[in-house]
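In listed order, ligands and their atoms are each counted from 1. Every heavy atom of this structure was used, including side-chain atoms; hydrogens, water molecules and symmetry mates were not.
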Amino acid sequence: MKLFRSRIAPTPSGYLHRGNLFNFLLTALITRSNSGELRLRIDDMDAQRSRPQYLHDIFDTLNWLEISWQQGPKNVSEHIQFFTQSNRLQLYESFLRQLIERAEVYACTCSRKELSEEGHALYPGTCRLKQIPLNTPQAAWRIHLPEGTIVRWLDKAQGKVELNLSQLMGDFIIRRKDGLPAYQVVSLVDDLLYGTTFIVRGVDLLQSTAAQLWLSQVVQNPDFVHTGFYHHPLLMHADGEKLSKSVSANYSKPLHATEASTQAIISSFCSWLGHTTKAKSIDELLGKQSSLFRV
Ligand SMILES: [Zn+2]
């Protein structure tokens with residue numbers, strides 16, 4: 001049997017919010033209950049939005065929550081030296097080349113303004129037949145999604161998922177205007193590289209999972225379809241709005257500096273899952289309720 005391998009994959013573009021913490025706790029608990037190995041992988045491809053204080057916040061928060069991980073950087077300097085995604089650009093580029101060989105990839109020079117003025121919900125394929133050279137400066141690369149592309153998988157939290165990817169995403173971007181690989185490519189290539197067997201993410205990423213499953217089929221990589229997925233509900237604000245980085249980017253302090261205790265976080269985490277607990281740490285929680293997190 002393959003070793004159960006999962007990962008926590010935060011982005012250092014804002015202080016972490018409560019929703020991120022719940023995702024980390026759930027991932028760590030599921031991984032430990034399944035005798036798995038946990039990796040910390042920091043998604044820092046978007047260097048413009050990354051800040052050193054947000055990198056520190058990731059390690060401080062995981063340590064504060066007493067989440068342990070076996071793979072990946074143990075601190076900020078290890079991350080910068082050995083694990084930053086910019087070290088893996090060649091891998092992402094070789095994946096993009098495989099996509100060019102096996103699918104219809106085209107350059108798109110539409111500006112965000114032009115697209116929003118046209119008022120389409122999805123990219124309408126404007127540049128598909130223009131034959132703009134791929135090496136055009138400031139051109140994004142899009143991949144053509146054949147109409148009626150359906151992606152299905154059995155999700156551990158959502159049950160049977162079936163998404164019409166072409167209707168949901170249209171021809172999506174695989175390389176950004178600045179020449180860097182897009183999130184879908186980076187995340188998939190890293191998961192394949194590190195042998196991830198189980199991914200815990202919010203339901204806002206269902207579309208991304210479908211896109212990544214489809215990309216892995218395009219390059220005929222057999223591994224990703226065997227990945228287990230658990231898409232958990234998002235934590236909402238009291239007013240029903242989704243918690244997001246754009247909100248937390250306004251936080252001037254890390255959450256762990258303002259929260260009274262990890263016990264309070266663990267208790268609200270459990271009630272989010274529909275349980276009650278008096279546990280003060282994840283060790284204690286696992287001791288009492290480990291069967292809850294076995295998948
Ligand atoms: Zn275009």
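For F83 and Y194, the gap between ring centers reaches or exceeds 6.0 Å.
Around the Zn ion (ligand 1), the protein N, O or S atoms closer than 2.8 Å are C108 SG, C110 SG, Y123 OH, C127 SG, listed by chain and residue number.
With sequence neighbours left out, the side-chain hydrogen bond (donor to acceptor under 3.5 Å, both in side chains) criterion links E162 to R152. Partners of S268 under the side-chain hydrogen bond (donor to acceptor under 3.5 Å, both in side chains) rule, at least two apart in sequence or in another chain, are R18.
For the residue pair D171/Y106, the side-chain donor-acceptor check at 3.5 Å is satisfied.
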Using distance only, find each side-chain donor-acceptor pair of residues 24-36 under 3.5 Å and give its atom names and separation, not counting sequence neighbours.
unit_1, atom_1, unit_2, atom_2, d
T27, OG1, N23, O, 2.6
T31, OG1, T27, O, 2.7
R32, NH1, D283, OD1, 3.1
R32, NH2, D283, OD1, 2.8
S33, OG, L29, O, 2.7
S33, OG, S290, O, 3.3
N34, OD1, V295, N, 3.2
N34, ND2, I30, O, 2.7
N34, ND2, F293, O, 3.3

Checklist entry - Checking side-chain contact (heavy atoms from CB on, under 4.5 Å) for the pair I132/T136: CA distance, chi angles, key distance, verdict? => result CA-CA 7 Å; I132 302 164; T136 305; 3.4 Å; yes
